[in-house]
Amino acid sequence: MSVSVQLEDFDVGAEITALSAGRTDIGAVVTFTGLVRSTAGGQDISDMELEHYPGMTEKSLAKIEAEASTRWSLQASRIIHRYGKLLPGAKIVMVATASPHRGDAFESAEFIMDYLKSRAPFWKKEGTAGGGKWVDARDADEEALDRWD
Amino acid sequence: MSVSVQLEDFDVGAEITALSAGRTDIGAVVTFTGLVRSTAGGQDISDMELEHYPGMTEKSLAKIEAEASTRWSLQASRIIHRYGKLLPGAKIVMVATASPHRGDAFESAEFIMDYLKSRAPFWKKEGTAGGGKWVDARDADEEALDRWD
Amino acid sequence: MKVLYFAWVRERIGLPREDIETNAATVAELVTELRAREERYDLAFSDMDVVRVALDQELSELGASLVGVREVAFFPPVTGG
Amino acid sequence: MKVLYFAWVRERIGLPREDIETNAATVAELVTELRAREERYDLAFSDMDVVRVALDQELSELGASLVGVREVAFFPPVTGG
């Protein structure tokens, strides 16, 4: 279980290798990678600025990861979230989960992403022709949490 | 959409990079990686021999991938399955899906894995102290298909 | 008490953090106090439905007590991931 | 007609593929014919609940017709992934 909040890019393959290095008990690894898209709601996006709450961010991600590991049989997990200015196509976030079984790896990765989306203190500002625009929270993201109750 | 059945290992990070290279419309990439475990049902496994049905294998994987892309908004997908003799810790299979939205990427990857497990012509033989042992199909894998009906 | 602002709350108030002397017993009282101070606060907190609060880096509620709290943060609903 | 065997079906029969001359109209008839030939086939096909069949590389059923089929494959339930 480990969490990084960083400016730098990351390598998903290297993260999977690190998760499973030296062990032979892992049967399934699931990763989610979120990327900056060049359009949003029909509008062109030149870049995406990510702000966060240093201190609270790391705590909230560690809490989400810990909650996932009480709900599923997790052998390892990793959350990386970037902040700062990112261009379209850039990686924003990665979640990786490792378990003996595929169902647990899939569900825990979805759970972590759902909670991260609605509970971790990050804010996105999209660069558009009309200037910077703070992204509105989506009701669908809040509703996604209901299935985990 | 592409399928490989191969002896060689693969690099999940490189596969994600290839899926999303030169495009900025992908918002979410999910990968599943299956690994050889060193124990099964309490027994030590020295290696895993994977047999398949050349020709039918590629066709069935392509069919599963095509079915996934009719059900979800998939921008790209990739299936790699190895055959031959693999040691504990080795990667067996990878599924990667790319979509504008995370829900579609997660669901389609799970769908592909569920169908692959019960429909793609691969057979595993575990090496144990008592000799080679063909792995029995699990009812749970067949039942996993029901939720996609 | 340390008070932090993020995203458009920060932009409206015009600064990321400040130290505030207050006798407010709850978050809601602190908000009322700040809104009375200057228009930029009044603007930032005009619709509290779209403002979230964290007390000592834990998500909380408007009605929560400020007793013993060292750090209050105001921000819009989060949009990471 | 080309007939292929995989996994323990292949091991019990002792070969991965063979060409078979048959007038069997269905998969089930072909199985009956093979079981009558030699004990190794009888052993391989003693419990058809755990044998799957593919016709020209598509999963099929015991009752399926062999008319026009060029390749039949017998194997256990699959266990990849």
Side-chain angles (χ1 to χ4, degrees), chain A residues 3 5 32-37 40 48-64 79-84 86 91-95 109-126 131-142 144-145, chain C residues 1-20 22 26-28 30-31 34 39-81:
Chain A
V3 161
V5 183
F32 173 89
T33 308
L35 305 162
V36 180
R37 296 167 63 196
M48 172 88 82
E49 181 90 33
L50 269 144
E51 181 171 337
H52 78 111
Y53 183 172
M56 180 172 168
T57 310
E58 292 80 357
K59 272 188 220 170
S60 68
L61 295 179
K63 203 167 142 185
I64 293 167
I79 304 176
I80 305 176
H81 203 303
R82 295 174 72 187
Y83 64 94
L86 302 175
K91 299 197 271 300
I92 304 169
V93 60
M94 187 205 76
V95 168
E110 282 202 79
F111 171 87
I112 290 171
M113 276 308 302
D114 282 351
Y115 269 80
L116 186 159
K117 282 255 175 195
S118 289
R119 294 291 181 265
F122 288 98
W123 301 274
K124 283 180 182 146
K125 191 178 198 174
E126 295 169 344
K133 188 183 162 299
W134 291 102
V135 174
D136 284 327
R138 296 168 62 236
D139 289 342
D141 285 329
E142 189 64 32
L145 297 189
Chain C
M1 179 175 291
K2 209 187 325 179
V3 184
L4 287 74
Y5 311 109
F6 292 97
W8 59 253
V9 177
R10 170 179 57 72
E11 289 179 342
R12 288 189 192 171
I13 290 173
L15 79 182
R17 59 198 300 158
E18 60 187 323
D19 284 306
I20 288 179
T22 179
T26 64
V27 177
L30 175 61
V31 169
L34 289 168
E39 204 183 333
R40 58 196 171 105
Y41 293 99
D42 194 38
L43 178 69
F45 296 131
S46 60
D47 180 4
M48 288 305 289
D49 282 350
V50 290
V51 176
R52 300 287 175 270
V53 64
L55 301 183
D56 290 332
Q57 308 192 352
E58 293 277 350
L59 284 173
S60 189
E61 305 287 339
L62 268 186
S65 162
L66 290 178
V67 174
V69 169
R70 287 171 302 172
E71 183 173 308
V72 180
F74 293 103
F75 44 76
V78 305
T79 56

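Because only heavy atoms are used, hydrogens play no part in the values below, and waters and symmetry mates are left out as well, while side chains stay in.
Among all heavy-atom pairs drawn from C/Thr79 and A/Asp136, the shortest one is CG2-C, 3.8 Å.
Using bins of under 30°, 30° to 60° and over 60° for the plane-to-plane angle, the ring pair A/Tyr53/C/Phe75 lands in the perpendicular bin.
The residue among A/Gly34, A/Ser60, A/Ala120 with the most heavy atom pairs within less than 4.5 Å of chain C is A/Ala120. Chain C forms more heavy-atom pairs under 4.5 Å with one residue of A/Gly132, A/Ser118, A/Pro121, A/Ala137 than with any other, namely A/Ala137. If you tally non-hydrogen atom pairs under 4.5 Å between each of A/Ile92, A/Val135, A/Asp141 and chain C, the highest count goes to A/Val135.
With a 4.5 Å cut-off on non-hydrogen atoms, C/Ala54 touches chain A through its side chain but not through its backbone. Within the 4.5 angstrom heavy-atom criterion, only side-chain atoms of C/Arg10, from C-beta onward, approach chain A. For chain C, no part of A/Arg82 is nearby; none of its heavy atoms comes within less than 4.5 Å. In this structure, the portion of A/Lys125 lying under 4.5 Å from any heavy atom of chain C is its side chain and not its backbone.
A/Glu58 CD to C/Gln57 CD: the interatomic distance, rounded to the nearest 0.5 Å, is 8.5 Å. The structure places CE of A/Met56 at 11.0 Å from CG of C/Leu4, a figure rounded to the nearest 0.5 Å.
Side-chain N or O atoms of A/Lys59 include none that pairs as donor or acceptor with a backbone N or O of C/Glu58 at under 3.5 Å.
When side chains are defined from C-beta on, A/Trp123 counts as touching C/Val78, because their heavy atoms get closer than 4.5 Å.
Other residues, nucleotides and ligands place no more than 12 heavy atoms under 6.0 Å from the CG atom of A/Asp139. In this structure, C/Glu61 places its CD atom where only 12 or fewer heavy-atom neighbours from other residues, nucleotides or ligands lie under 6.0 Å away.
Inspection of non-hydrogen atoms places A/Met113, A/Leu116 of residues 109-116 of chain A under 4.5 Å from chain C.
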